[in-house]
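All ligand and atom numbering here is 1-based and tracks the order in the structure.
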Amino acid sequence: MDSVTQPAAAAPADVPALDIDPFSAAFLTDPYPDHERLREAGPVTWLSRYGIYAVARHAEVRAVFADHATFVSSAGVGLANFHKETPFRPKSLILEADPPDHTRARTVLARILSPRVVTGLRETFAAEAEAMVGRMVARAAAGAVVDGIKELAEPYPLKVFPDAVGLEAEGRENLLLYGDMIFNAFGPRNELFARAAAKVQPVTAWIMQHCARDHLRPGGFGDLIYRAADAGEISVAEAPMLVRSFLSAGVDTTVNGLGNALLCLANHPAEYAKLRADPGLARQAFDEATRFEAAVQTFFRTTSRDVELAGARIPAGSKILMLLAAANRDHRQWPDPARFDIGRRATGHMGFGSGIHACVGQVVARLEGEVVLAALARQVATIEPAGEPTRRLNNTIRAIASMPLRLTPA
Ligand code: OVM
């Protein structure tokens with residue numbers, strides 16, 4: 001339950017009400033049975049314990065994303081309504097903004113993260129992936145059970161992305177702590193949030209300190225933000241806040257995107273065999289993993305007016321939970337949606353969102369996914385679970401803390 005102890009609004013008459021808690025430990029551990037209930041109860045549902053609407057089907061999630069003037073982001077993209085509660089941290093200039101403010105920030109970030117620029121990173125990102133996979137495979141060749149999270153899914157993004165931003169090497173563990181905090185903060189003020197937020201002061205101080213220009217290598221993504229400020233595209237005060245967006249959205253997401261992809265491949269040996277036979281499938285395999293086990297499971301919008309959605313009348317000022325990961329397994333959209341199939345065209349999934357807020361870093365994320373899976377395909381013959389993975393529960397991210405694996409070197 002939200003710590004803001006306002007009683008939830010009365011259930012609307014025309015929408016099925018459910019007592020599911022999408023932020024409970026049980027739900028976060030295994031969301032898929034409840035995703036099914038949410039999808040099949042109706043196109044729009046009402047979650048009584050929070051007094052919010054929810055959409056779990058692909059068509060409605062996409063419709064909410066598509067109408068950014070009705071379903072706004074500026075009131076927060078978590079459970080908290082910024083018109084009624086103080087944001088957990090100063091609002092993001094891109095994530096928690098609507099046009100025209102959003103457009104200015106988005107234009108700058110989209111240019112810095114454009115396909116042309118990111119192509120320039122490919123060689124470095126691929127070499128680091130080969131090297132890191134090589135070290136893990138060497139340990140496996142010596143007989144060790146390896147940890148796919150601690151030896152690859154965490155260290156890889158923590159190396160290549162902050163390097164590209166231009167951050168120093170020291171203290172990068174703060175990025176993981178910060179990610180855990182802000183993605184928990186999109187949910188209710190539950191136990192998960194409280195535990196993450198306990199370290200908020202030193203971690204936030206480290207993050208904001210490293211958003212300053214003199215901490216950023218000339219020519220990196222961070223420095224390019226300051227050059228946009230030099231050119232007058234954004235203000236000098238906005239620059240550190242946009243660097244903060246890199247540090248917020250760029251690590252925990254890809255760490256768990258890679259972790260979830262590894263878990264999918266370990267659990268589906270026939271799919272791994274297909275990837276091994278054709279490393280050119282790496283990009284598509286990463287996309288399918290993002291559909292099948294989306295790292296970012298949910299986001300919210302807030303209605304700016306009374307609106308009818310799939311026959312449901314939703315009043316202005318309502319919070320709507322979008323279950324991206326449920327939409328990604330909607331049988332109305334994909335044949336056999338609960339099957340992990342790297343041969344499928346997974347494009348159109350909601351793992352990166354869609355519309356004007358669709359992940360602006362997805363070119364970088366997909367590059368990381370592609371080069372890591374391609375390196376595995378070249379260097380590893382088989383991947384098998386060597387025990388149950390340990391989950392790290394988070395209100396927004398589908399996260400894994402540790403994943404013991406047995407690898408056969410190629
Ligand atoms: C931001 C931000 C933070 C978290 C997630 C995100 C997935 C963006 O600070 O702009 O996008």
>> Using ring centroids (six-membered ring only for Trp), state whether Phe23 and Phe193 fall under 6.0 Å.
In response: no

> Can you check whether Phe186 and Phe299 have ring centres sitting under 6.0 Å from each other?
Replying inline: yes

> Mind checking whether Ile94 has a heavy atom under 4.0 Å from ligand 1?
Replying inline: yes

Nearest protein heavy atom to [atom], by residue and atom, and its distance?
atom                   : result
atom 9 (O) of ligand 1 : Arg89 NH2, 2.8 Å
atom 2 (C) of ligand 1 : Leu95 CD2, 3.7 Å
atom 5 (C) of ligand 1 : Phe183 CZ, 3.5 Å
atom 8 (C) of ligand 1 : Ala249 CB, 3.5 Å
atom 7 (C) of ligand 1 : Phe299 CZ, 3.8 Å

>> Under 4.0 Å from a heavy atom of Ser92: which atoms of ligand 1 are those, numbered in the order shown and with their elements?
In response: 1 (C), 9 (O), 10 (O)

> Stepwise, does the ring pair (Phe, Tyr, Trp, His ring centres under 6.0 Å) test hold for His35 with Phe27?
Replying inline: CA-CA 9 Å; His35 284 174; Phe27 185 103; 5.5 Å; yes

>> Please determine whether salt bridge (Lys or Arg N to Asp or Glu O under 4.0 Å) holds for the pair Asp341 and Lys274, giving the CA-CA distance in whole Å, both sets of side-chain angles, and the decisive distance to 0.1 Å.
In response: CA-CA 10 Å; Asp341 172 7; Lys274 283 198 231 164; 3.2 Å; yes

> So between Gly361, Ser248, Ser245, Ala295, whose heavy atom ends up nearest atom 10 (O) of ligand 1?
Replying inline: Ser245

>> Quick one about Tyr32 and Glu293 (side-chain donor to acceptor, distance below 3.5 Å, no hydrogens or angles considered), yes or no?
In response: yes

>> Go through it in stages, so that I can follow the logic: the residues are Trp334 and His349, the test is ring pair (Phe, Tyr, Trp, His ring centres under 6.0 Å), and I'd like the CA-CA distance, side-chain angles, deciding distance and then a yes or no.
In response: CA-CA 10 Å; Trp334 284 282; His349 69 67; 7.4 Å; no

